[in-house]
*Asks:* 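One structure, as structure tokens, below. Some questions next.
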Amino acid sequence: MFGGIHEVDWAALGHAYGPADDVPEMLYGLASADPDDRETALDGMYGAVHHQGDVYDSTLACIPFLLELVANPAVQDRGGIVELLTSIGGIDLGDDELDPEDEEFEYAANYAMAASAVTAGAEVFLALLDADDRGLRLAAPLALATLHSDPELALTLLRERLGAEPDEEVRFACVEAGGRIALRHQRLAPEVVQWLLGLTRVPSGPGLRLAALAQLARCAPDALPADVVPGVTGLLRELRAEPVAASPVAEPVPERPPAPTLLGRLREAHEAGTAGRGAPWTTDLLRTLHSGLGDRVDDRIALLVDQLCSPDWGQRIDAVRLSSGLLGTWRGAYGELVGLIGEQLADPEKRLADAAADTLGGLFALAAPAADALADRVRADPQGWVRHWQSGPPSLGSALTALARAGDRRAVPVLARTLELPEPPHDLGHALAHLGEAAAPLAPALRRRLGETELDERLIDRAGPLLYGLTALRAAEAAPEVLRLLRGAPDHRREWIVESALGALTAFGPAAADAIPDLRALLRSVGVGSGFSASLAARTAGALWAVEGDAGAVLPVLCAALSEADFGGRRSAATALGALGPAAERAAPALRELLQASEPWLRVDAAIALWRVTDDPGRAWPVLVKSWEQLPGARAAIAECLTDLWVEGAGRILREELTSVRRHNAMDGGYGSHDIFTDEKLLALCRRALTRERPKE
């Protein structure tokens with residue numbers, strides 16, 4: 001093996017971390033008889049040579065040697081190498097052509113060459129479909145479907161293998177590979193769909209029928225049977241009823257240190273996460289099915305409700321995680337689903353209960369159907385009220401966060417207890433913002449703690465949560481304590497501290513009249529040429545206007561900030577001018593100029609301010625309509641503007657938003673964090689704007 005490996009000038013090639021002169025050692029490691037060496041080598045290939053899916057010149061140079069390893073029966077763990085080759089050569093570049101001058105051209109060229117090189121050697125995968133090594137049989141179907149130049153042959157072999165294969169998960173891999181062929185080769189899609197439809201019928205086992213339904217949802221959702229939900233829930237019940245083979249009694253295994261490689265740690269995490277669970281492969285099948293069902297929200301809710309009623313905690317934890325992705329991407333009637341997620345909080349399996357609390361914490365007001373369960377969890381687990389970290393400030397526990405974000409007043413006494421800690425949780429103030437007037441009794445304690453806070457280098461960390469909470473409560477009686485910070489803040493991060501104090505005084509408004517001399521003095525000291533940011537000058541002017549209402553004192557500073565190069569300063573100035581309304585008429589010409597600014601967010605801020613200042617939507621509304629389509633993140637600000645102002649045509653876009661099933665800020669791909677709060681706020685603003693008396697459109 002490895003003929004010619006030393007003829008390659010590896011040092012002249014590169015990977016993610018520099019020269020690729022260490023690649024031969026990795027390739028030799030893949031052929032080692034020691035399993036730890038093989039895992040370390042494969043981890044290195046993913047970490048450097050194929051880092052985060054990238055293809056380098058060293059990656060291209062590796063392909064012949066990787067194919068040689070796959071073809072050699074003496075090499076162990078070849079399934080992992082097949083998966084690596086599938087990832088290297090399987091990137092679909094689509095039909096778009098890149099300009100050679102484009103900075104992405106070199107990367108695209110590498111991907112294309114990798115696909116060509118692996119495809120040229122893909123015959124090696126044909127012999128792996130019936131290999132004795134289960135890992136090879138698991139990896140080979142997708143490699144064939146992705147890389148072989150003859151998809152008709154690959155499909156034929158996959159169908160034949162399915163009939164002969166005894167291992168259930170390998171059979172699922174054959175079905176998944178068929179779905180991949182249908183997606184990559186549309187001419188074969190009808191044949192694949194008919195094959196999959198046949199597999200959805202008995203006498204196929206429940207797992208295989210579920211796998212076929214998942215691939216239908218992925219490549220031909222319109223071909224799914226009308227009764228897909230009861231069909232899938234029935235299959236899940238069949239799977240639960242299947243006998244589980246008893247695990248052989250084994251000798252106790254001594255504790256060992258965590259695996260030294262990322263691949264090893266992922267394997268160990270998977271093993272720990274699936275221990276004691278039935279058929280863990282159902283997770284992947286159901287995730288594929290959910291992805292294919294897309295905006296069929298009611299169907300997806302019904303599936304998750306069934307999963308959450310399963311006696312298998314593993315299926316329930318999967319359902320909780322899938323629910324997070326569904327709720328964060330699509331709008332729907334989630335009351336029953338959220339209530340069932342709340343029931344998981346009392347489960348003795350800590351991983352399930354914690355996952356439920358984390359999911360509910362991201363739902364804000366949508367978590368209301370689970371509020372009783374959250375209150376019970378908070379009451380039963382005082383140790384979970386606050387989470388402490390090895391580095392960084394403490395934070396609120398997930399269940400308490402979820403209860404507060406749901407606006408439930410039962411969180412208030414517990415939050416009061418956290419204020420007694422030496423260091424309050426850093427996110428305490430943000431939690432109070434969702435409780436409204438219910439949190440008003442906490443204002444005296446917040447004020448007292450703020451007054452006791454030392455004016456040292458850690459001031460922003462200690463005072464930040466308290467300031468944010470007082471701001472959210474509009475607790476103007478705390479103005480003396482806020483002014484103490486404004487006057488005595490140390491140089492370390494002073495601007496951040498001052499801006500936080502200004503936010504509080506702005507929220508207090510005229511009730512903080514004692515702050516006027518300090519604000520006027522600060523405004524004189526932060527003007528143009530002072531060395532402070534234009535943003536700080538604009539925020540100071542905005543606070544002074546909110547407290548005193550003297551346009552003459554603040555307009556010069558705000559108009560000057562509009563012409564500064566500081567992007568944030570111009571946005572802050574535009575927002576402050578909008579708050580002035582007609583009193584800022586002299587700023588209208590400068591705001592009109594900003595409607596042509598290159599920064600899209602600045603155009604939105606300027607348009608809203610101009611409309612508020614002139615009470616004329618003529619120049620502003622076209623900018624806002626265009627931004628509504630091109631900058632979805634700005635929709636909440638535009639809808640809020642429409643709750644005060646109106647223009648013909650506004651009703652149409654608001655109604656369209658309310659009838660859209662997809663959240664305006666949902667991200668494609670993955671089941672990561674989603675900003676449900678902002679989307680729900682947008683919907684509420686749209687409804688509020690539409691319920692005002694409007695002329696008929």
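These values consider heavy atoms only, across backbone and side chains, with no hydrogens, waters or symmetry-generated copies. For the single chain, residues carry numbers from 1 onward in sequence order.
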*Asks:* Can L322 and R287 be said to form a side chain to side chain contact (heavy atoms under 4.5 Å, CB included), step by step?
*Replies:* CA-CA 7 Å; L322 286 166; R287 190 176 293 276; 3.9 Å; yes
*Asks:* Look at D130 together with R161 and state whether they make a salt bridge at an N to O cut-off of under 4.0 Å.
*Replies:* no
*Asks:* Does the W601 side chain pair with the main chain of A634, one donor and one acceptor, at a distance under 3.5 Å?
*Replies:*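 Such a contact is absent between W601 side chain and A634 backbone.
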*Asks:* Check for a donor-acceptor pair, side chain of R171 on one end and backbone N or O of L162 on the other, with a separation under 3.5 Å.
*Replies:* yes
*Asks:* Which of these, L85, L147, V70, sits in a side chain to side chain contact (heavy atoms under 4.5 Å, CB included) with V124?
*Replies:*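 By the side chain to side chain contact (heavy atoms under 4.5 Å, CB included) criterion, V124 pairs with just one of L85, L147, V70: V70.
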*Asks:* Closest approach of P206 and L235, non-hydrogen atoms and distance?
*Replies:*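 Closest approach of P206 to L235: CA-CD2, 3.7 Å.
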*Asks:* At what distance, to the nearest 0.5 angstrom, does OG of S324 lie from CG of L363?
*Replies:* 7.0 Å
*Asks:* Salt bridge or not for E191 and R159, using N-O below 4.0 Å?
*Replies:*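 A salt bridge links E191 with R159.
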*Asks:* Which distance, rounded to the nearest 0.5 Å, do you find between the OH of Y56 and the SG of C62?
*Replies:*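 Y56 atom OH to C62 atom SG measures 12.5 Å (nearest 0.5 Å).
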*Asks:* Whether the side chain of T59 engages the backbone of V49 through a donor-acceptor N/O pair (distance < 3.5 Å, no angle test) should be reported.
*Replies:*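 Looks like yes, one N/O pair under 3.5 Å.
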*Asks:* Less than 4.0 Å between a side-chain N and a carboxylate O, is that true for R237 and D306?
*Replies:* yes
*Asks:* Dump the intermediate steps for side chain to side chain contact (heavy atoms under 4.5 Å, CB included) on Y111 and I88, then the final yes or no.
*Replies:* CA-CA 8 Å; Y111 293 141; I88 290 173; over 6 Å; no
*Asks:* Measure the spacing between CH2 of W195 and CD1 of I181 and express it to the nearest 0.5 Å.
*Replies:*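 Interatomic distance, W195 CH2 to I181 CD1, rounded to 0.5 Å: 7.5 Å.
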*Asks:* How far apart are the closest heavy atoms of R184 and T146, and which atoms are they?
*Replies:* NH2-O, 3.3 Å
*Asks:* Treating D57 as the side-chain partner and G14 as the backbone partner, does any N or O pair qualify as donor plus acceptor under 3.5 Å?
*Replies:*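 Judged by distance alone, yes, a pair lies under 3.5 Å.
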*Asks:* With rounding to the nearest 0.5 angstrom, report the CZ to CG distance, R296 to L289.
*Replies:* 9.0 Å
*Asks:* Between L128 and R78, which heavy-atom pair has the shortest distance, and what is it?
*Replies:*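 Where L128 meets R78 most closely, the heavy atoms are CD2-NH1, 4.2 Å.
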*Asks:* Between R331 and E680, does any side-chain N to carboxylate O distance fall below 4.0 Å?
*Replies:* no
*Asks:* With ring-ring contact (aromatic ring centres under 6.0 Å, His included) as the rule and sequence neighbours excluded, what pairs involving residues 140-173 come up?
*Replies:*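 For residues 140-173, and leaving out neighbouring residues, the ring-ring contact (aromatic ring centres under 6.0 Å, His included) pairs sorted by first residue read F172-W281.
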*Asks:* Could you check if a side-chain atom of N110 sits within less than 4.5 angstrom of a side-chain atom of D54, using non-hydrogen atoms only?
*Replies:* no
*Asks:* Any sub-3.5 Å donor-acceptor pair from Q315's side-chain atoms to P311's backbone N or O?
*Replies:* no
*Asks:* Any donor-acceptor pair under 3.5 Å linking the side-chain atoms of Q307 with those of R316?
*Replies:*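 No.
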*Asks:* Name each donor-acceptor pair under 3.5 Å that joins a side chain in residues 21-28 to protein atoms two or more places apart or in another chain, with its distance.
*Replies:*
{"residue": "D22", "atom": "OD1", "partner": "H15", "partner atom": "NE2", "Å": "2.9"}
{"residue": "Y28", "atom": "OH", "partner": "H6", "partner atom": "NE2", "Å": "3.3"}

*Asks:* For G80 and Y46, which heavy atoms make the closest approach, and how far apart are they?
*Replies:*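 Closest approach of G80 to Y46: O-OH, 4.2 Å.
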*Asks:* Any side-chain to backbone donor/acceptor pair from Q344 onto L340? Under 3.5 Å, distance only.
*Replies:* yes
*Asks:* Looking only at heavy atoms, which two atoms of A355 and V320 are closest? And how far apart?
*Replies:*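 Scanning both residues completely, I find the closest heavy atoms to be O-CG1, 3.6 Å.
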*Asks:* Does E599, at its CD atom, have more than 12 non-hydrogen atoms belonging to other residues, nucleotides or ligands within less than 6.0 Å?
*Replies:* yes
*Asks:* Check the pair H185, V192 against side chain to side chain contact (heavy atoms under 4.5 Å, CB included), reporting the backbone distance first and the verdict last.
*Replies:* CA-CA 10 Å; H185 306 281; V192 173; over 6 Å; no
*Asks:* If you measure from CG on L199 to CG on L208, what distance do you get to the nearest 0.5 Å?
*Replies:* 5.0 Å
*Asks:* Counting distance only, does the side-chain N/O of T86 pair as donor-acceptor with the main-chain N or O of V82 below 3.5 Å?
*Replies:* yes
*Asks:* Shortest non-hydrogen contact from A16 to G47?
*Replies:* CB-O, 4.2 Å
*Asks:* Spell out, as yes or no, whether a donor-acceptor pair under 3.5 Å connects the side chain of S291 to the backbone of T288.
*Replies:* no
*Asks:* Would you tabulate the side-chain donor-acceptor contacts of residues 218-232 under 3.5 Å, counting partners in other chains and residues two or more places apart, or write 'none'?
*Replies:*
{"residue": "R218", "atom": "NH1", "partner": "Q215", "partner atom": "OE1", "Å": "2.9"}

*Asks:* Any Lys/Arg nitrogen of R187 or E152 sitting under 4.0 Å from an Asp/Glu carboxylate oxygen of the other?
*Replies:*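 The answer is yes: the pair qualifies as a salt bridge.
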*Asks:* Counting only heavy atoms not in D132, do more than 12 sit closer than 6.0 Å to its CG atom?
*Replies:*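 It does not: D132 CG has 12 such atoms or fewer within range.
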*Asks:* Is there a side-chain contact between L13 and D9 (heavy atoms, below 4.5 Å)?
*Replies:* no
*Asks:* Check for a donor-acceptor pair, side chain of E68 on one end and backbone N or O of F2 on the other, with a separation under 3.5 Å.
*Replies:* yes
*Asks:* Give a yes or no on whether a salt bridge exists between R300 and D295, defined as a side-chain N under 4.0 angstrom from a carboxylate O.
*Replies:*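 D295 and R300: not salt-bridged.
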*Asks:* Between H51 and Y17, does the ring centroid distance fall short of 6.0 Å?
*Replies:*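 Close enough - the centres of the two rings lie under 6.0 Å apart.
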*Asks:* Starting at CG of L304, measure out to CD1 of I341 and round the result to the nearest 0.5 Å.
*Replies:* 8.0 Å
*Asks:* Examine distances only and state if a side-chain atom of N665 and a backbone atom of D675 form a donor-acceptor pair shorter than 3.5 Å.
*Replies:* yes
*Asks:* Yes or no on side chain to side chain contact (heavy atoms under 4.5 Å, CB included) for D299 and L303, after CA distance, side-chain angles and deciding distance?
*Replies:* CA-CA 6 Å; D299 284 345; L303 289 174; 5.7 Å; no
